[in-house]
Amino acid sequence: MTSRPNCILIVDDNEMNRDMLARRLERKGYQVAISEGANQMMEFVKNDSCDLVLLDIEMPGINGLEGLRMIRELRSALQLPVIMVTARSQSEDIVKALSMGASDYVTKPIDFAVALARISTQLAHKLAQESLKESEERYALAARGVNDGLWDWNLVSNSIYFSERWKSMLGYRGSEILDTPEEWFELIHESDRQRVKDEIAAHQMGLTPHFESEHRARHKDGTIRWMLCRGVAIADSAGKPIRMAGSQTDITEGKVSDALTGLPNRLLFLDRLDRSMNHLKRNPDRSLAVLFLDLDGFKVINDSMGHFIGDQLLLAVSKRLESCLRKSDTVARLGQLQFTLARMGGDEFTILLDEMKDTGDASLAAERIMKELSAPFLISGKEVFTSASIGIALNNPDYDDAEEIMRDADTAMYRAKSLGKSQYVIFDADMRANVMARLELETDLRRALERGEFQNVYQPIIRLENGEISGFEALLRWNHPTLGLINPEKFIPLAEETGLIRELGWWNLQEACQQLGNWNAKREPDCGLVMNVNLSIKQFMDPNLVENISNLLIELGVPPKMLKLEITESTVMENPVAAVEMMNRLKNLGIRLAIDDFGTGYSSLSYLHRLPLDTLKIDRSFISGISNGVDGMEIARTVMPLANNLSLDVVAEGVETAKQAEEVKILKCKYAQGFYFSKPLSPKEAEAIISEHVAW
Ligand code: C2E
Ligand code: CA
Ligand code: CA
């Protein structure tokens, strides 16, 4: 606290005594001031320029006891410790001095070690007092500002003082609360109690600079309040905490309401829901529902029109929701609804419908909400349209707590979104089963990589002019221990969502390149096969991709031109600038690039010439269209000349019949892939057709 060294004032008429003591104290790092008598001493005291006084009792003129009296008139023992220096024989004087407010004494001849110990003890006490005073002042200040309650805990006697304000914050007065810390802990919510105790203990052990905790407390009226509690501990010279004091602030308001809309927030909503669920257990003829509402396309509005408009829209939506829930006459069957409307954050709102007589009321309420939201909002002079997807979970006795019913309402909301938005879905057991199956699959997927449950199959790509194999596309299969062989449609989307696709995709790429190396080693250098590998967007955007692939190819001795990476149009369009840069880096390595599933995405032919591409793979939906008539043919007809102009190779995907193979050949398509030629093959099967030089 004091950065300057402590200053000790030596008051003694004997010059030799003074100087000897002074030199030794200075050697210990203290600053020393010297005074021959009481008058000079008082100058130092008045100026507050010393931290401790060593005062000789026996002095001519004004003696030590008289001097002590003069000091104590100005400074208390807490402000300025005084250690009396006395001959051993003067025990009467010692008693007298102590009763007059001396802090301690040392006897002559001075045992320096003893003197030093007493000095440092006194200085430590003073420091403790000062920091306590400082913190008390700080808290008193804070308390005046925000109406805090104060507490002051004597750790030695284990009694605690609570200010009246402290008590009234929790609904108590005077002696209704005893002065023990147990009284306090008793009021803290049982879920928070141990944590608060731990935080206090951590501070007292010196592990934290101050104690600060946000926790729930039970008000006398039964409600839960949020308290912010702060404090500091004061230790004695040995470092043992002797006192701890601080403040308590009611932060319930900030904790439970949403800053933008003023609606209850998630915490408060959960609390109310919890209570309603408990209430229901005693009144089984009533039911409750949770509506989970998410605005459709809010992100687009927010991004395109700005956060200010976004916030205004959320505010307007919250007001409209509230008023439409309040007016009960719009839907005749819905009587006065008991509801709690809350904002979860972002564009998510929840509604608790309480005391429902009929579970159908929840659907009626959802319909009404959707109807009300369908009218445009006028925001900053602009008409803004929005709609909502709503998930509904109805109470049933299986629910143990609020989080569970919220989770199901949320799941139902996602279902509503995936069914095309602007609708409501009621949660049912099938949905839970789906969620569980998905969760299980996700866990399995993580484990599958470690257990080596993945394998690659290879589908030949045929050069149409001579029917020979030009290369293969590597396709993943998951050999699930109980479900058998699983196709990528089932697990690739999940792997993409969870980010596992990076590892999985890398496994597939490595495996495919290794296989390619083996096969090409047995062939003439110029009849090398090309390996097509699919790259998902997450892999494609990985900044280390180029380096990783380059290292892999060098390690395996595979020429880069033998590898062709397939990406989709949407991967490119997600961030066209970055995509072109990445494509150029890959091309510079010598790797070839293909656009996969062409025609299903943006189908914008105009950007094609800007991409460093080798190949277009026309999606199989267009090829299968060829046999049943016009549409597919059209696409193929427009794309073929364009691709030829851009010197791109074209692969027709999903060729299943001889007729389709014939048609695409007529359109000057050079390559084809599909069940008509071959299904994806195991490595062994693929090896067999390679060595037999099979041609179609
Ligand atoms: P894709 O890249 O379009 O792969 C071609 C898919 O069409 C393969 O399905 C293949 O078995 C199937 N197919 C081939 N010929 C025919 C045909 O004549 N008729 C029909 N109806 N289908 C045919 P598969 O193996 O189930 O793969 C599905 C998708 O999974 C792939 O579509 C690709 O997008 C993705 N995928 C597969 N392996 C990987 C991988 O290692 N990484 C990434 N990122 N995606 C992969
Ligand atoms: Ca592909
Ligand atoms: Ca494809």
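Just so you know, ligand 1 is whichever comes first in the structure, and atom 1 is the first atom listed for that ligand.
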Give yes if a backbone or side-chain nitrogen or oxygen of Pro680 is under 3.5 Å from a nitrogen or oxygen of ligand 1, and no if not. no
Atom nearest to the Ca ion (ligand 2) - Glu566, N, O or S atoms considered: OE1
Is the contact between Lys679 and ligand 1 made by the side chain, the backbone, both, or neither, using heavy atoms and a 4.0 Å cut-off? neither
Answer yes or no for Glu473: is there a heavy-atom contact with ligand 1 below 4.0 Å? yes
Is the NZ or CZ atom of Arg477 both under 6.0 Å from the centre of the six-membered ring of Phe454 and within 45° of that ring's axis? no
Using heavy-atom distances, let me know which of Phe677, Phe675, Trp507 sits nearest atom 22 (N) of ligand 1. Phe675
I'd like to know if the side chain of Asp296 pairs up with that of Ser387 as donor and acceptor (distance under 3.5 Å, no hydrogens or angles considered). yes
Less than 3.5 Å between some nitrogen or oxygen of Leu476 and one of ligand 1, yes or no? yes
Check Asp597 with Arg620, please: is the shortest side-chain N to carboxylate O separation under 4.0 Å? no
Spell out, as yes or no, whether a donor-acceptor pair under 3.5 Å connects the side chain of Arg407 to the backbone of Asp410. no
With the Ca ion (ligand 2) as the reference point, give the N/O/S atom of Asp596 that is nearest. OD2
Examine the proximity of ligand 1 to Val533 and report which part, side chain or backbone, both or neither, has a heavy atom under 4.0 Å away. neither
Would you say the ring centroid of Trp696 lies under 6.0 angstrom from that of Tyr676? no
When only distance counts, is Asp596 in polar contact with ligand 1, meaning an N/O pair under 3.5 Å? yes
Can you tell whether the side chains of Glu473 and Lys617 come within less than 4.0 Å, N to carboxylate O? yes
